[in-house]
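Below: the structure, in structure tokens.
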Amino acid sequence: MAYTVPKLTDYSERALERAATECLSACLTDANSVRNSADLKVFRDRWLSRKGTVAQIKSAWLEDAPKDARKLVGFWFNATKDRIQQCLKETEDRLVQEVEAALGGNLPDRESVDISLPGVRRPIGAEHPVIKTTNEMVRVFQKLGYSVADGPVVETDYYNFEALNFPPNHPARDTQDTLFIAGQQGKPQRERLLLRTHTSPVQIRTMEKMRPPIRIVIPGTVHRNDPPDASHSPMFHQIEGLAVDTNITFGDLKGTLDHAMKEFFGSSVKTSFRPSFFPFTEPSAEMFVSCFICGGSGRRGEEPCRPCKQTGWIEILGCGMVDPNVFEFVKDNGYDPRKVSGFAFGMGADRIALLKYGVDDLQLFFQGDVRFLGQWA
Ligand code: DAH
């Protein structure tokens, strides 16, 4: 094919038509000599690639055209380009038909014929960092013999608060913290629906179904009426745990959680328990792990360690011995508070993922930007 794009000097309708016709006839001649998919690729590249003939025409005709001729040149350029694209399409169709004829019949799937064409590349998805963290933590407890339980995100006041020993006027029931489902005022308080503010209601739900002994972990989504910022989100994730048996002690709680943290963060982390309060545990504690970023020193070289606020300790979870008042709600299913005891814990999966991956803004987890999420692929 010996076609070279001519420079235009005459911008009259007749001259443009002639230039376009010459170009098209060269294109058709070229197309006629296409015999296989390799030829087709050469043809496509020659006419329609980034530096192909169509692109050359564009710069040779359009960009040099005097201002008052631009509209007309534009029209002829577009018409030529459309015809060349159509020619490519027709040539592709012709090739497919030739292959079909050679194979003796109409193939059901045209695309599958030419195995030399590159395939469709489907990007592979990846686990979201919060899900990945959750799965890793759940796995640590599964290895200790815990099973996984779950419960509804839309929960009743009864399971979210009442059966967890929250007094009727506890501030956590306040609309400041809890997102209530609208139009529930006609119902008795315990039946009113809300978005669960923690995964703890699944403790009660599971104890209603399963008799002791039980050991469960409960990963799940929870909601609170918090405006989004770098460390808050109205939707977030928790991992809850519950172990009930005869003679479960605070020593079991400490041993289990210390082991789990060493499995998860590495064997060099230490744990520390400080007294706290939760309505559903007595006694209650907050557990800290020694800062796995600065190794507990509170400093990173010359710099102060930010994740642990220079204290060398990072708060990871709330925990405690199940309050006997909670067992009272499921007493009839074998949970007589005089016979069984247990411990429970709850942690924020998003917060742990932030710390683990050194991410400084929680919102990044929920904005769905694949450039961010792709880092875990
Ligand atoms: N539910 C508590 C919260 O969301 C966390 C928690 C604390 C869960 C102590 C527990 C526990 O099971 O024993 O803040």
Side-chain angles (χ1 to χ4, degrees), residues 130 134 137-138 141 146 148-153 155-167 170-174 176-179 194-207 214-226 231-245 248-258 260-261 271-289 314-327 329-330 335 337 340-352 362:
V130 174
T134 302
M137 188 63 86
V138 164
F141 287 94
Y146 283 63
V148 179
D150 66 2
V153 174
E155 192 46 284
T156 59
D157 181 283
Y158 175 77
Y159 288 108
N160 197 78
F161 293 126
E162 185 179 334
L164 288 167
N165 198 33
F166 281 78
H170 193 278
R173 291 165 178 261
D174 200 303
Q176 282 302 305
D177 301 301
T178 307
L179 293 161
L194 45 81
L195 295 180
R196 68 176 177 194
T197 57
H198 51 180
T199 40
S200 306
V202 189
Q203 292 187 23
I204 306 291
R205 286 185 171 275
T206 311
M207 287 192 283
I214 61 169
R215 282 160 181 73
I216 48 166
V217 263
I218 307 146
T221 308
V222 303
H223 293 80
R224 286 188 201 172
N225 190 14
D226 282 330
S231 55
H232 293 85
S233 161
M235 183 282 307
F236 58 106
H237 301 86
Q238 289 190 335
I239 304 163
E240 185 89 13
L242 174 69
V244 184
D245 205 335
I248 297 254
T249 67
F250 202 87
D252 296 317
L253 179 158
K254 288 181 77 172
T256 303
L257 292 179
D258 183 75
M261 295 303 117
T271 52
S272 161
F273 292 79
R274 303 182 195 173
S276 183
F277 176 80
F278 299 100
F280 39 92
T281 45
E282 182 60 33
S284 305
E286 267 147 20
M287 190 194 71
F288 291 70
V289 298
I314 292 181
E315 190 190 329
I316 290 289
L317 53 77
C319 57
M321 302 305 292
V322 179
D323 192 302
N325 291 342
V326 171
F327 285 138
F329 287 93
V330 283
Y335 294 90
V340 296
S341 58
F343 65 79
F345 57 88
M347 61 188 108
D350 321 80
R351 200 176 116 74
I352 295 174
L362 177 62

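Counting starts at 1 for both ligands and their atoms, in listed order.
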Problem - Side chains of Gln203 and Val244 in contact at under 4.5 Å (non-hydrogen atoms) - result: no
Tabulated below should be the N or O atoms of ligand 1 paired with protein N or O atoms at under 3.5 Å; can you produce that?
unit_1, atom_1, unit_2, atom_2, d
ligand 1, 1 (N), His198, ND1, 3.0
ligand 1, 1 (N), Ser200, OG, 3.0
ligand 1, 4 (O), Arg224, NH2, 2.9
ligand 1, 4 (O), Gln238, NE2, 2.9
ligand 1, 12 (O), Gln203, NE2, 3.1
ligand 1, 12 (O), Glu240, OE2, 2.6
ligand 1, 12 (O), Phe345, N, 3.3
ligand 1, 12 (O), Phe345, O, 3.3
ligand 1, 13 (O), Ala344, O, 3.1

Practice task
First locate atom CZ of Phe343, then atom NZ of Lys254, and finally report the distance between them rounded to the nearest 0.5 Å.
Solution key: 13.0 Å
Completion exercise
salt bridge (charged side-chain N to carboxylate O under 4.0 Å, His left out) filter on Glu162, not counting sequence neighbours, yields Arg190
Problem - From Ile248 atom CD1 to Met321 atom CE, the distance as rounded to the nearest 0.5 Å - result: 7.0 Å
Exercise for the section: Describe, in one word, how the ring planes of Phe166 and Phe280 are oriented to each other, choosing from parallel (under 30°), tilted (30 to 60°) and perpendicular (over 60°). Expected result: tilted
Practice task
Show the numbers, then the answer: is there a side-chain contact (heavy atoms from CB on, under 4.5 Å) between Phe161 and Leu194?
Solution key: CA-CA 10 Å; Phe161 293 126; Leu194 45 81; 3.7 Å; yes
